Amino acid sequence: MIRFDQVSKRYEGGHEALSQLTFEVAKGEMAFVTGHSGAGKSTLLKLLALIERPSHGHISLDGQSLTKIGQGGIPKLRRSLGMVFQDHRLLMDRTVFANVELPLVIGGIAPQERGRRVRAALEKVGLLDYERQLPASLSTGEQQRVGIARAIVAKPSVLIADEPTGNLDPQLAVEIMSLFAEFQQIGTTVLIASHDLPLIKRMKKRVVVLDHGRLVADVAAEEVL
Ligand code: ADP
Ligand code: ADP
């Protein structure tokens, strides 16, 4: 599903954020990417979402080479790949419904179908009763759930998340991670960057470890202690 082949990324004027990274995530697998701050976790996810481009190497998603996707193809890619951010990035002056609906509006989905899908997504994250509210009236954990609903509303085959529990207390963090695991259970491939090792260990999923842009360990779910 996700394949990195000898991928390196050097930012302009910077050192190498990722060095010759090779790994695969199978369809329907859930994996964590961990490592210290600056290890390259965000960069890895940004390359997948085409927010950044690699300096060397190849990335493919579902057999399609990302290299071949130009600026014009990015909206389509974003529908097959949902992204969740640490700071949720919700539009604070729009309702919960409007925030979750946004990818479908951009995708040109008809209004009636949009309503159905938005409610299905809100139901999945347990926020069906909140659709008329503004994000500011929600708790931090609820706001993050809205961000997740927005990421999955177009039914992406891949869900990626960058430190999705970074702003949450431990109890809420576990709930959010369990929600990701539920999406894996319905067939979604899930890749989560996190530096919260205790939480990662609890989840018992594969863990890919980066250090200074290099892959230094790849621990299978069964081997997570
Ligand atoms: P992590 O998510 O593991 O903290 P990042 O992928 O954010 O790591 O960063 C990896 C390295 O790339 C760091 O050294 C960081 O300073 C550098 N970096 C990240 N983004 C940029 C950028 N836009 N320009 C220059 N250097 C960057
Ligand atoms: P519907 O057919 O009404 O769209 P589904 O039960 O198939 O309903 O899905 C309900 C919601 O669950 C979707 O809107 C979407 O948010 C989420 N969902 C379903 N399947 C997936 C999937 N494979 N990946 C991510 N999200 C999904």
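For ligands, and for the atoms within them, numbers begin at 1 and follow the listed sequence. Bear in mind the structure is a predicted one, so any value in this text is a computation, not a measurement.
- Looking only at protein heavy atoms, the nearest one to atom 12 (O) of ligand 1 is Ala17 CB, 3.3 Å.
- Using a 4.0 Å heavy-atom cutoff, Ala39 is listed among the residues neighbouring ligand 1.
- Between His36 and His212, the gap from one ring centroid to the other is short of 6.0 Å.
- Between Glu52 and ligand 1, no pair of N/O atoms sits closer than 3.5 Å.
- Annotation: cation-pi pair Arg3/Phe23 absent, no NZ/CZ under 6.0 Å from the ring centroid and within 45° of its normal.
- The pair Glu123-Arg119 fails the salt-bridge criterion, with no side-chain N (NZ, NE, NH1 or NH2) lying under 4.0 Å from an Asp/Glu carboxylate O.
- A salt bridge links Arg116 and Glu113; the closest N-O separation between the charged side-chain nitrogens and carboxylate oxygens is under 4.0 Å.
- The protein non-hydrogen atom at the shortest distance from atom 14 (O) of ligand 1 is His15 NE2, 3.1 Å.
- The N/O atoms of Gly40, backbone and side chain alike, include one that comes under 3.5 Å of an N/O atom in ligand 1.
- Between Lys9 and Glu16 there is no salt bridge, since none of the side-chain N atoms of the basic residue sits less than 4.0 Å from a carboxylate O of the acidic one.
- Atom CZ of Arg202 has 12 or fewer heavy atoms from other residues, nucleotides or ligands within 6.0 Å.
- Of the protein's heavy atoms, Ser42 N, 2.8 Å lies nearest to atom 2 (O) of ligand 1.
- Between Arg206 and Asp218 a salt bridge is recorded (basic side-chain N to carboxylate O distance below 4.0 Å).
- Distances from ligand 1 to the non-hydrogen atoms of Ser37 include at least one value under 4.0 Å.
- The atoms of ligand 1 that sit less than 4.0 Å from any heavy atom of His36 are 3 (O).
- Closest to atom 13 (C) of ligand 1 among all protein heavy atoms lies Gly38 O, 3.7 Å.
- In terms of protein heavy atoms, atom 6 (O) of ligand 1 is closest to Thr43 OG1, 2.5 Å.
- Judged purely by atom type and a 3.5 angstrom limit, Ser194 uses its side chain to pair as donor or acceptor with the backbone of Asp196.
- Of the heavy atoms in Glu12, none comes closer than 4.0 Å to ligand 1.
- In this structure, atom 25 (C) of ligand 1 lies nearest to the protein heavy atom Tyr11 CB, 3.2 Å.
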